[in-house]
Amino acid sequence: MAYAYDTNNIFARILRGEIPCRKVMETEHTLAFHDIAPQAPVHVLVIPKGAYVNADHFALEASDAEIADYTRTIGKICQELGIRPGDGGQGYRLIANSGEAGIQEVPHLHFHILGGRVLGRMLKQAD
Ligand code: AMP
């Protein structure tokens, strides 16, 4: 299956510097910034700089260097924000909504890092 990437999605435009973001961290392959409509005291979005639609696209087709950089950056952000459980932090949740069923609004892979409060159960209903 070929993944179709929309080069005009809002995160592609942030990566091109066409619209601003509140940057948290930037590395060779990864950019992290605050969500514009935070749903918790900590709500950071982590995106790869490469053109990946969603989590499975990235996992299947990104290079080892991109995957290592992205994963390590998530760890470093959790460390810097002080949300790591067992390290004085309360913990956090990582979410990557993908596609229609996942109700993904922006078609460029992003992990949400949510924390700073007890987040409640992951899903409200089982069906
Ligand atoms: P999702 O539903 O998983 O695709 O989440 C998209 C997220 O992007 C939402 O939490 C939005 O609040 C967030 N968002 C949309 N536009 C921007 C923007 N310009 N800067 C930061 N976050 C944004």
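This one's a predicted model, so the numbers in the text were calculated from it and none came from an experiment. Atoms within a ligand are numbered from 1 in the order they appear, just like the ligands themselves.
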Numbering as shown, the atoms of ligand 1 that approach A37 to under 4.0 Å (heavy-atom distance): 12 (O)
H34 N/O under 3.5 Å from ligand 1 N/O: no
Ligand 1 versus I103: contacting region, heavy-atom distance under 4.0 Å: backbone
Side chain, backbone, both or neither: N97 near ligand 1, heavy atoms under 4.0 Å: side chain
Ligand 1 contacted by R22 (non-hydrogen, < 4.0 Å): no
Qualifying residues under side chain to side chain contact (heavy atoms under 4.5 Å, CB included), relative to I10, sequence neighbours excluded: I19, V106
Any N/O pair Q39/ligand 1 closer than 3.5 Å: no
I19 N/O to ligand 1 N/O under 3.5 Å: no
R93, CZ atom: more than 12 neighbouring heavy atoms under 6.0 Å: yes
N or O contact, I36 vs ligand 1, cut-off under 3.5 Å: yes
By ring pair (Phe, Tyr, Trp, His ring centres under 6.0 Å) - contacts of F11 (at least two apart): F33, H110
For Q104, the ligand 1 atoms whose distance to one of its heavy atoms is below 4.0 Å: 4 (O)
